[in-house]
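See below for the structure under consideration.
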Amino acid sequence: AGGNGEVPPLRELATVIAYAPNTTPNGDARQNLNSPTLTTQLLQNRLQLSPQLAGQILAARAAQPNNQFPRLSTVLAIPGVSRDPNAIRQILDNANTSPATRLNGRVNVNTASVEVLAAIPGVGTDLAQAILSRQTSGGMTRLSDVAQISTTPAFLAAVADRMSVASQSFEVRAIGEAGGTKVAITATVAIENGALRVTRITELPFGDMASRWQWADVATTTTLAEAN
């Protein structure tokens, strides 16, 4: 719920244009567990897994439709992996099931509100509050940091499939006023090739966006502009 006790509409919590880099904490490309060239030796070297566990992952992939893991949480659910804390850390931080350079629809746990976090399946209010407390105490630099909050299968699946610790897209909110008329907009700003680019601007049809955004106690900046 928001600050006034009301549950915000889903449209204020969800977006389909947020994305994060598909990289390790060191900035390297993650190991694609669906790569046709994946071998047990590569899993041992890249993810520091035992030969037995590497073999179990390849065997589990072979049992999937089209020999492809549908999502990273499927890998974490493999019995040998789910019982091995080191394997969970390595897979969360260094692997994925897609060769894409960016991951769409991820929630940045270092910037998301408690309402957004609580809306993620497998999280809920209590774990969202726990994530929020980590935001204010230094933040999280890798997905395995988030996984320390809870080891339940549902939460680990949420970490693997829906979360990130960095973003390449951000939402900017603004309210402009002229002649007694107020207009609220949101703008999506993306980092592309090291530069910022505005990818989307949306004018919002709601009356009092300052209250919806809980800006009542936030300092405002007034800029006067003369008409040409």
Side-chain angles (χ1 to χ4, degrees), residues 1-3 6-25 27 29-30 33 69-77 88-89 91-173 186-192 196-200 202 204 209 212-215:
E6 298 179 357
V7 177
L10 181 62
R11 61 177 169 266
E12 295 182 20
L13 301 178
T15 175
V16 297
I17 52 178
Y19 54 87
N22 191 10
T23 56
T24 70
R30 289 172 173 263
L33 298 180
F69 290 119
R71 58 190 66 87
L72 193 61
S73 60
T74 308
V75 183
L76 296 184
I88 293 173
R89 286 193 300 270
I91 290 170
L92 286 175
D93 292 340
N94 301 302
N96 218 305
T97 55
S98 169
T101 58
R102 67 187 192 187
L103 304 171
N104 293 322
R106 298 301 174 109
V107 174
N108 185 341
V109 294
N110 285 312
T111 59
S113 67
V114 69
E115 291 87 359
V116 170
L117 293 167
I120 300 173
V123 179
T125 302
D126 291 342
L127 291 175
Q129 290 286 357
I131 294 173
L132 199 67
S133 68
R134 294 289 297 270
Q135 289 181 5
T136 58
S137 61
M140 291 151 280
T141 60
R142 55 188 68 213
L143 286 179
S144 59
D145 292 341
V146 192
Q148 293 176 3
I149 294 173
S150 173
T151 57
T152 63
F155 183 73
L156 289 178
V159 175
D161 299 336
R162 301 175 185 269
M163 298 182 187
S164 72
V165 295
S167 300
Q168 286 183 318
S169 66
F170 304 87
E171 183 182 77
V172 179
R173 297 174 172 179
T186 61
T188 301
V189 180
I191 302 175
E192 297 182 358
L196 296 177
R197 185 171 73 88
V198 177
T199 61
R200 178 176 175 178
T202 303
L204 302 175
M209 288 308 303
R212 285 177 175 267
W213 290 338
Q214 302 178 33
W215 281 6

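The figures here come from the full heavy-atom set of this structure, side chains too, leaving out hydrogens, waters and symmetry mates.
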### Query
Just wondering, do L72 and L33 contact through their side chains at under 4.5 Å, heavy atoms?
yes
Indicate the atoms forming the closest heavy-atom contact of [X] with [Y], along with that distance.
| X | Y | answer |
| --- | --- | --- |
| L92 | L76 | CD2-CD1, 3.8 Å |
| S150 | L156 | O-CD2, 3.8 Å |
| T74 | F69 | CG2-CD2, 4.0 Å |
| V107 | A112 | CG1-CB, 3.5 Å |
| R106 | M163 | NH1-O, 3.4 Å |

Just how far is it from atom [atom1] of [X] to atom [atom2] of [Y], taken to the nearest 0.5 Å?
| X | Y | atom1 | atom2 | value |
| --- | --- | --- | --- | --- |
| N110 | Q135 | CG | CD | 6.5 Å |
| M140 | S164 | CE | OG | 10.5 Å |
| R71 | N96 | CZ | CG | 12.0 Å |
| T97 | L103 | OG1 | CG | 8.5 Å |

### Query
When you look at CZ of R30, are more than 12 heavy atoms from neighbouring residues, nucleotides or ligands closer to it than 6.0 Å?
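Yes.
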### Query
What do the steps show when you test L117 against V109 for side chain to side chain contact (heavy atoms under 4.5 Å, CB included), and what is the final call?
CA-CA 8 Å; L117 293 167; V109 294; 4.3 Å; yes
Would you be so kind as to tabulate the donor-acceptor pairs closer than 3.5 Å made by side chains of residues 125-132, with sequence neighbours excluded?
none

### Query
Can you name the residues that form a side chain to side chain donor-acceptor pair (under 3.5 Å) with D161, not counting sequence neighbours?
S73
### Task
Ignoring hydrogens and angles, tell me if any N or O in the side chain of N22 forms a donor-acceptor pair with the backbone of S98 under 3.5 Å.
yes
### Message
Can you list everything that forms a salt bridge (Lys or Arg N to Asp or Glu O under 4.0 Å) with D93? Sequence neighbours excluded, please.
### Response
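Salt bridge (Lys or Arg N to Asp or Glu O under 4.0 Å) list for D93, sorted by chain: R142.
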